Amino acid sequence: MSKYNIDDILSELSDSGKPQRKGGKHRIDQSEAAFSPLPSMPAHQGDVGRQASLDDPAVKQRPRTAPDARVGKAISDVFSPEGGTSGDEYDTSELAQELVSAGAVSAEDMAQAQAIVKQTPGRRLVEVLLERGADEESVQRVVAQNAGLTFERIDLHAGLEGGFDGQMLQRLGGDYCRGHLVMPLRMEGQRAVMGVVRPDDVFLFDELRERLGVVGVKVVVVTGFDIRGALEVAGLGEQQAEPQDVDLNEILDQVDEQDVQVEKSESQEVDLEQKAGESPVIRYVNYIIQQAIKEGASDIHIEPADKKLKVRFRIDGVLFEAMNPPAAMSAAITSRLKIMANLDISERRIPQDGRIRCVVAGRKLDLRMSTLPNTYGEKTVMRILDTKSINVQLEDLGFAEDTLQVWRSLVTAPHGITLVTGPTGSGKTTTLYASLRTLDKNKMNISTVEDPVEYHLEGITQTQTHEKIGMTFAKALKALLRQDPDVIMLGEIRDMETALTAVQAALTGHLVLSTLHTNDAPSSITRLVNIGLEPFLVGAAVNGVLAQRLLRRLCKHCKTEETPSEEMAEFLEMQGLGSRKVWTAKGCEKCRGTGYSGRVGIYELLAVDDRLRDVIAGNPNVSEFRRMCMERGMITLRMDGMNKVKQGLSTVQEVLRVTDGNH
């Protein structure tokens, strides 16, 4: 919004209310039609028969003019009906740039806030920024500067003795000031000085002038915190204003009937849009799923609060707030998702887990759904299992050439245990599935035991565990050993029984692939010993351990090289990297202002040779064993991450985020 003189605007708005100056000529006397022939109907009835009288020769017709000609220049610059935009839909791009330039918000937070405003009609950019934790004073200072107004803080300590005007506050009423976020501060001559939060609402100022009965209004920008504090000081109490209704029709009109379909069985697909006319909740749930798939999200979080419902997407491993549906829709959205997952909609006291099979834009997806009761309802989290995202080759995961060669030899070994370790969401399943695809499924019997089976692989027998009926990893593994397997993939080694069975399978000529939850590769060896295995069994059975993490990949459209700071240059020198230039994430529209798009893996591969087998049999401590592995050439997670930085794939900040000094 451009900068305007607000006094000129208010002057034009209030001209009609000014008293006629003595000896002056009234504005209507200057009108060409002021003394036109008598009307063909009584006064005050022209609007009723206006259409019928358009061709009446007795009524002199005023020529149609452009909107700018019917109002003053200052107002026409602020508000023009052309284009069909409302007063609230003014261009915020200039304000956004000024907020980022002034340091009031970061570029990433601004991009996320603009995305929320775009996805949730009726939300204002400043409101979203404040909800996301932006400093209100800093934001309002920039808003005032953008509008060409003065920014002030209300003196709450002075209160009615100079902080704000009690008489005008009483005339307006506490509810009115709270609802419109305005506060009368003082009188300056014939004008009332009003503190406002939204300086773009120019038509509110004329209403204030009429309510207060003053000649004019001077506007200054204040914070909502100060207004609520002033009302508290005045004894009017603090009340929450009712949230504005969001126009769902604008959102739901964008969702086509064939966008999302739910599968109830392999042979039957039910279109979710068939009952769209009965409830907008159905279409809104479809809209959430559709947007998550469009943004490339891996998880959907629906989190109810007191006066707000927040929907967040996990994109490239980081959560982003995507939209804010009306809080009243919380229970309805949760119930709709429960119906889709065949869960009990009447039970809201205990957690529930389910699965939704659906088709979005022709792609078959599985949504693994979990509900958890909280203070304001039920939080719902859905993991998006997309077969397209899992169908990647080993060469595309980010392995270094020498690491990839060693890993291929481990997954094609005739027997032994090969482990993949890392926290949840680090890509362990993707790596194991990509490794299984490299095996000859026609000549080998490959079986898996998973909890749950997330992706279905052709030519591979996949078994799901059921703890409630005693179908554990250990029991399923024992059953698989009677199925003449060549390769067995275990979802996770959790307990002594499973670990011992896996070791026995490895020592009897089977290749076992499995996962562990440890921080690095050497820790996996000591974890197996801590579970209860004898160290000599671990040394004899384990062939290798792969620890991995996922880094956000730099956006290829906006990544740039910059000269690092002195501190960063010193750190890069310690890591063995050149300090003249370093890749940084800038942010653009294609990466949602984050500077990152997609992910790449970093790996720490420990291949167990005869020397290390002897060391493991002696049950070494973790620190000693890690040092020995590094001396024998093991590349740590941080070292591999720094190599990715050197290649321009990611940034130093990303490497430091997912690794620690021991990695």
Side-chain angles (χ1 to χ4, degrees), residues 6-7 9-10 13-14 17 86-88 122-131 133-141 143-144 147 149-246 305-309 324 326-328 376:
I6 199 68
D7 291 335
I9 297 175
L10 300 180
L13 287 172
S14 60
S86 65
D88 291 339
R123 299 302 305 279
R124 296 179 63 249
L125 179 63
V126 173
E127 292 176 356
V128 175
L129 289 172
L130 296 181
E131 288 180 0
D135 180 64
E136 186 177 14
E137 180 177 354
S138 301
V139 171
Q140 289 297 92
R141 284 186 183 276
V143 169
L149 298 173
T150 303
F151 175 80
E152 290 187 11
R153 293 301 303 265
I154 301 177
D155 189 352
L156 300 181
H157 294 289
L160 296 172
E161 302 299 326
F164 50 91
D165 193 301
Q167 292 184 351
M168 288 193 290
L169 175 59
Q170 185 177 8
R171 194 173 305 170
L172 289 175
D175 292 338
Y176 182 88
C177 292
R178 186 180 300 107
H180 293 82
L181 288 176
V182 297
M183 178 59 59
L185 302 181
R186 58 188 175 273
M187 289 294 298
E188 289 185 358
Q190 299 296 318
R191 295 192 303 174
V193 180
M194 297 295 301
V196 302
V197 172
R198 295 185 53 178
D200 56 286
D201 194 356
V202 294
F203 299 104
L204 172 65
F205 309 153
D206 195 47
E207 182 180 345
L208 290 171
R209 181 186 57 79
E210 294 178 357
R211 281 177 170 266
L212 295 174
V214 295
V215 175
V217 171
K218 178 181 177 181
V219 175
V220 298
V221 178
V222 298
T223 64
F225 174 83
D226 285 352
I227 290 179
R228 289 186 288 270
L231 292 173
E232 189 71 26
V233 170
L236 298 178
E238 183 177 358
Q239 301 177 10
Q240 293 288 343
E242 289 296 324
Q244 296 181 353
D245 293 333
V246 175
D306 185 15
K307 297 286 185 179
K308 180 181 177 183
L309 179 60
N324 298 128
Y376 302 104

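Please read these numbers as outputs of a predicted model, since none were measured by experiment.
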Residues that Glu131 engages under side-chain contact (heavy atoms from CB on, under 4.5 Å), provided they are two or more places apart: Arg123, Lys308, Asn324

Minimum-distance pair of heavy atoms, taken over all atoms of Val182 and Ile227: N-CD1, 3.7 Å

Considering all heavy atoms, the nearest Leu309-Pro326 contact: CD2-O, 4.0 Å

Point-to-point distance, once rounded to the nearest 0.5 Å, from CG of Leu172 to CD of Gln167: 12.0 Å

Closest non-hydrogen atom pair between Arg153 and Glu137, with its separation: NH1-OE1, 2.8 Å

Asp165 side-chain N/O to Leu185 backbone N/O, donor-acceptor pair under 3.5 Å: no

Glu136 (side chain) donor-acceptor with Gly224 (main chain) under 3.5 angstrom: yes

NZ/NE/NH1/NH2 to OD/OE distance under 4.0 Å, Arg228 and Glu232: no

Gln170 atom CD, neighbour heavy-atom count above 12 within 6.0 Å: no

Test item: Met183 and Leu169 side chains (from C-beta on) under 4.5 Å apart, heavy atoms: yes

Polar side-chain atom of Gln140 near backbone of Phe151 as donor-acceptor pair, under 3.5 Å: no

Those residues that, when tested against Arg171, pass salt bridge (Lys or Arg N to Asp or Glu O under 4.0 Å) (two or more places apart): none

Ionic contact status for Glu207 with Arg209, cut-off 4.0 Å: no

Residues Asp206, Arg211; criterion salt bridge (charged side-chain N to carboxylate O under 4.0 Å, His left out); working and verdict: CA-CA 9 Å; Asp206 195 47; Arg211 281 177 170 266; over 6 Å; no

Partner residues of Tyr176 under the ring pair (Phe, Tyr, Trp, His ring centres under 6.0 Å) criterion, sequence neighbours left out: His180

Which atom of Pro199 lies closest to which atom of Val197, heavy atoms considered: CD-O, 3.2 Å

Any side-chain heavy-atom pair of Val139 and Val126 under 4.5 Å: yes

Approximate separation, where rounding is to 0.5 Å, of Met187 CE and Lys218 NZ: 12.0 Å

Pair Arg198 + Asp201: basic N to acidic O under 4.0 Å: no

Rounded distance (nearest 0.5 Å) linking atom CG of Leu208 with atom CE of Met194: 4.5 Å

Check: Leu231 and Cys177 side chains under 4.5 Å, non-hydrogen atoms: yes

Distance, nearest 0.5 Å, that separates CG of Leu181 from CG of Asp226: 11.5 Å

Over all atoms of both residues, closest heavy-atom pair of Ala327 and Lys307: CB-C, 3.8 Å

Least distance between heavy atoms, Val222 atom then Gly195 atom: CG2-C, 3.7 Å

OG on Ser138 to CG on Leu130, rounded to 0.5 Å: 10.5 Å

